[in-house]
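Labels below follow one simple rule: chain letters A, B, ... track the order of the sequence lines, proteins then strands, and each chain is numbered from 1.
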Amino acid sequence: MSITDTKPQLKGQNVATVNIFRYDPSTTDEAHYDSWQVPITGSMTVLDLLFYILEHEDGSLAFRYACREAICGSCALYVNGTYRLACKTQLKDLKATEINISPLPHLKVIKDLVVDMDPFWEKYERIRPYLITRDDLPEKEFLQDPADRLKMDDMVDCILCGACYSSCPQCWTDPEYLGPAALVKMNRFTVDTRDQANQERTKIFDNEHGVWRCHTIFNCVEACPKDINQTYSIQHLKRRAVARRFGGK
Amino acid sequence: MSSRRHLSELRGNSDLYPRNVRTGMYAWLFHRITGLALVFYIILHIFVIASVNFGGGSFDATMRLLTSKPFVLIDLTLVAVVLYHSLNGLRIIFFDLGYGIKNQRGIFWALMAVGTVIFVFAAVASSRLLFRA
Ligand code: SF4
Ligand code: FES
């Protein structure tokens with residue numbers, strides 16, 4: 001059975017025009033958009049749409065995904081002028097008959113919708129995104145007051161999709177800037193009562209490529225599919241840095 | 001079957017296409033632009049005021065020029081630039097103190113409303129110079 005045999009018929013259905021960014025470094029072809037007519041069903045997501053293209057139209061389309069439930073952060077894309085998780089975005093919420101899908105802007109495109117996330121991961125590694133303790137480890141688990149746990153509530157939802165990093169004008173212009181996601185994680189550990197590396201952590205974020213590169217532009221906050229307020233965390237770190245310089249601690 | 005479209009045909013999907021630029025980024029961009037304009041203005045201002053060094057007559061002539069109609073309009077532009085830069089500057093200071101971060105758009109538009117009121121006041125006040133016989 002050829003793939004066209006199972007291809008749904010367009011008749012009597014809602015049809016959307018879908019434009020997808022294409023770039024293949026193995027050919028001499030330059031970057032462009034490919035456009036398809038795709039039948040749309042009720043709860044179809046952008047990711048479903050990409051699968052439709054992959055299965056019925058063009059098997060060479062490259063895109064990332066894993067969990068399909070907004071938890072792995074692989075599928076962040078730029079859809080109709082906004083940053084979106086492909087798996088979490090229902091087409092009907094886009095309220096458009098024409099759907100434009102591009103890779104995350106300002107990152108190097110590897111192929112089609114797949115971008116090079118290495119700069120993002122490198123910054124993430126640099127902030128040491130794990131618990132650092134000095135004292136002997138407790139026998140079972142670290143105990144934490146629910147009230148103290150609540151302080152990190154704003155920051156633990158990050159799924160490392162990279163949307164904020166891609167949206168930030170400071171990241172575009174300073175390749176060394178840690179970026180919103182890494183700084184959110186940094187704040188998560190600085191407010192964590194169990195973490196004991198505040199001195200070292202401050203050195204990592206209290207410099208011109210750290211929090212001081214942030215000019216409160218808020219593109220990250222607008223971009224985040226998990227509704228995290230990155231600027232809140234960054235401003236918190238800035239106040240902490242100032243307090244430390246003036247008051248020690 | 002797919003049809004091919006050139007990148008420029010879908011420029012509207014680019015993140016820097018004006019419609020896709022968000023409030024906070026506009027606020028930041030204009031803050032930069034007005035900041036540069038004010039640096040330029042302050043240098044100009046120093047030179048203009050320095051005309052007093054060349055005697056009262058020279059200063060009076062400069063002042064006459066500055067109260068002429070085109071200069072009143074330029075002055076009103078200056079009022080707008082100063083208002084924007086100072087009000088948005090306040091907004092940034094709030095954020096640095098930790099206030100209003102979760103309501104940045106609302107604060108921006110509220111301050112712009114305040115700015116508009118002050119600007120209208122300045123425009124009415126200077127209309128005397130603009131519409132004189
Ligand atoms: S903070 Fe939000 S936008 Fe940034 S990587 Fe995490 S989930 Fe994605
Ligand atoms: S596929 Fe995992 S977040 Fe979308």
Side-chain angles (χ1 to χ4, degrees), chain A residues 4 17-23 29-38 53 56-58 61 77-83 98-102 104-106 154 163 166-170 172 211 214-223 227 229-236 238-240 242, chain B residues 1-39 81 84-112 115:
Chain A
T4 39
T17 307
V18 182
N19 304 309
I20 299 183
F21 180 94
R22 302 304 301 273
Y23 170 69
D29 202 7
E30 60 179 18
H32 62 277
Y33 281 88
D34 275 342
S35 181
W36 288 280
Q37 300 291 317
V38 176
I53 307 273
H56 304 299
E57 302 282 3
D58 185 343
L61 178 69
L77 291 170
Y78 196 70
V79 181
N80 279 12
T82 39
Y83 292 81
E98 185 154 351
I99 297 161
N100 305 318
I101 306 176
S102 327
L104 287 181
H106 307 282
D154 263 345
S166 153
S167 77
C168 173
Q170 301 307 94
W172 310 338
V211 285
C214 168
H215 287 272
T216 55
I217 293 170
F218 291 98
N219 271 12
C220 52
V221 180
E222 311 259 5
D227 294 334
N229 196 310
Q230 295 92 333
T231 313
Y232 182 83
S233 278
I234 298 175
Q235 294 301 87
H236 181 256
K238 283 182 187 169
R239 290 202 300 284
R240 222 178 158 103
V242 171
Chain B
M1 263 317 284
S2 71
S3 62
R4 192 187 163 99
R5 302 181 70 178
H6 195 262
L7 285 190
S8 62
E9 285 178 67
L10 277 109
R11 208 176 283 134
N13 195 43
S14 123
D15 67 326
L16 287 182
Y17 190 73
R19 178 168 46 80
N20 301 337
V21 176
R22 315 293 188 272
T23 319
M25 188 160 144
Y26 272 127
W28 167 75
L29 203 61
F30 284 128
H31 200 76
R32 289 276 149 140
I33 294 169
T34 52
L36 281 175
L38 287 175
V39 168
V81 167
Y84 179 83
H85 200 78
S86 50
L87 289 171
N88 192 51
L90 271 182
R91 171 172 164 272
I92 296 171
I93 292 172
F94 289 154
F95 298 155
D96 282 341
L97 296 175
Y99 301 115
I101 295 167
K102 295 196 169 158
N103 194 15
Q104 60 104 357
R105 273 192 254 175
I107 292 178
F108 178 78
W109 292 115
L111 286 172
M112 287 306 110

Q: Is the backbone N or O of B:Arg4 less than 3.5 Å from a side-chain atom of A:Asp34, with the two atoms forming a donor-acceptor pair by type?
A: no
Q: If you check every heavy atom in residues 101-112 of chain B against those of chain A, which residues fall under 4.5 Å?
A: B:Ile101, B:Lys102, B:Gln104, B:Arg105
Q: Checking heavy atoms, do the side chain of A:His106, its backbone, both or neither come under 4.5 Å from chain B?
A: side chain
Q: Side chain from CB out, backbone as N, CA, C, O: work out which of these in A:Val242 comes under 4.5 Å of a heavy atom of chain B, or both, or neither.
A: neither
Q: Counting only heavy atoms closer than 4.5 Å, note whether B:Ser14 contacts chain A via side chain, backbone, both or neither.
A: backbone
Q: So how far is it from B:Asn13 CG to A:Phe21 CZ, rounded to the nearest 0.5 Å?
A: 10.5 Å
Q: Is any side-chain heavy atom of B:Asp15 less than 4.5 Å from a side-chain heavy atom of A:Tyr78?
A: yes
Q: Does A:His32 have any ring pair (Phe, Tyr, Trp, His ring centres under 6.0 Å) partners at least two apart in sequence or in another chain, and if so, which?
A: none
Q: Of all the heavy-atom pairs spanning A:Ser35 and B:Arg5, show the shortest one and how long it is.
A: CB-CD, 3.7 Å
Q: Applying a heavy-atom distance below 4.5 Å, give me the residues of residues 27-38 of chain B that approach chain A, sorted by number.
A: B:Trp28, B:Arg32
Q: With only heavy atoms counted, which part of A:Ile101 is less than 4.5 Å from chain B, the side chain, the backbone, both or neither?
A: backbone
Q: Can you tell me which portion of A:Asn19 sits under 4.5 Å from chain B's heavy atoms? Options are side chain, backbone, both or neither.
A: side chain
Q: Enter the distance from B:Leu10:CG to A:Asn80:CG here, rounded to the nearest 0.5 Å.
A: 9.5 Å
Q: Which bit of A:Thr82 comes within less than 4.5 Å of chain B, counting heavy atoms only: side chain, backbone, both or neither?
A: both
Q: Any heavy-atom pair between the side chains of B:His6 and A:Glu30 that's under 4.5 Å?
A: yes
Q: Checking B:Tyr84 now: which residues fulfil side chain to side chain donor-acceptor pair (under 3.5 Å) with it, not counting sequence neighbours?
A: none
Q: Does OH belonging to B:Tyr17 count more than 12 external heavy atoms closer than 6.0 Å?
A: no
Q: I need the A:Tyr33 OH to B:Ser3 OG distance, nearest 0.5 Å.
A: 13.5 Å
